[in-house]
Amino acid sequence: MKVTQPLVDHIIKQDEKYGYEILQDQLSAKAEVHKSKREQHSNAASTLKDVLPPSLAHAMDLSQEKGASTWLSVLPLEEYGFALHKGAFRDALALRYGWSPANAAPLNCACGTLFSVEHVLSCPKGGYPSIRHNEIRDLTAALLSEVCHNVSTEPHLQPMTGEVMSGLSANIQDGA
């Protein structure tokens with residue numbers, strides 16, 4: 001009603017000129033309506049966040065970040081790894097909303113800790129940090145190879161064959 005009120009007043013007066021002032025009144029009224037709706041939504045979100053468990057509140061914060069939904073609108077180009085099959089898409093949605101993926105996961109991680117999505121994405125023994133690192137490494141190498149010569153990735157570590165390490169913090173396991 002606020003937005004159309006200047007036009008209603010103009011019609012009631014039977015004024016034939018639609019002036020710049022009326023347009024400005026409409027635009028300012030429209031801006032006020034948008035501002036009040038944003039405030040209402042912000043208040044509702046903060047009220048909701050107060051009653052949510054911490055994990056869901058964190059998921060809500062992440063989903064509101066700029067660019068959080070761009071993966072849904074990317075063209076599914078196979079050559080860049082953007083094409084998701086049905087199961088991967090469902091799993092991605094589940095991860096986005098903090099749900100467990102539909103495909104049954106093991107009860108325990110490789111390190112012995114109880115399986116959870118948060119733990120698996122950060123456990124050094126589970127492999128996901130290494131997978132993420134390797135994907136970034138390979139993408140960087142592929143992009144650099146388009147403009148530079150002799151680009152190579154880091155080699156795999158060779159297994160220990162009887163070497164003795166003197167430091168207490170030295171990790172001598174294969175692949176460490």
- Test side-chain contact (heavy atoms from CB on, under 4.5 Å) applied to Val51 and Thr47, step by step: CA-CA 7 Å; Val51 298; Thr47 303; 5.8 Å; no

To the nearest 0.5 Å, what is the distance between [atom1] on [X] and [atom2] on [Y]?
X     : Y     : atom1 : atom2 : value
Ser69 : Gln64 : OG    : CD    : 10.5 Å
Ser63 : His58 : OG    : NE2   : 10.5 Å
Glu39 : Ser36 : CD    : OG    : 7.0 Å

Is there a side-chain contact between [X] and [Y] (heavy atoms, below 4.5 Å)?
X     : Y     : result
Tyr20 : Asp25 : no
Ile12 : Val8  : yes
Lys35 : Arg38 : yes

Would [X] and [Y] show up in the same hydrophobic cluster when neighbours are defined by side-chain heavy atoms closer than 4.5 Å?
X      : Y      : answer
Leu143 : Val147 : no
Met60  : Leu56  : yes
Leu84  : Leu93  : yes

- Item | Minimum heavy-atom distance Leu62-Ala68, with the two atoms named |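 Scanning both residues completely, I find the closest heavy atoms to be O-CB, 3.5 Å.
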
- Please report the shortest heavy-atom distance between Thr153 and Asp138, naming the atom on each side.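 Of all heavy-atom pairs spanning Thr153 and Asp138, the closest is CG2-OD1, 4.0 Å.
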
- Apply side-chain contact (heavy atoms from CB on, under 4.5 Å) to the pair His133 and Glu154, showing each step before the final yes or no. CA-CA 12 Å; His133 167 268; Glu154 58 206 15; 2.8 Å; yes

- Message: Using the rule given for side-chain contact (heavy atoms from CB on, under 4.5 Å), can you reason through Lys30 versus Gln26, listing the C-alpha separation, both sets of side-chain angles and the distance that settles it, and then say yes or no?
- Response: CA-CA 6 Å; Lys30 191 174 183 180; Gln26 277 187 294; over 6 Å; no

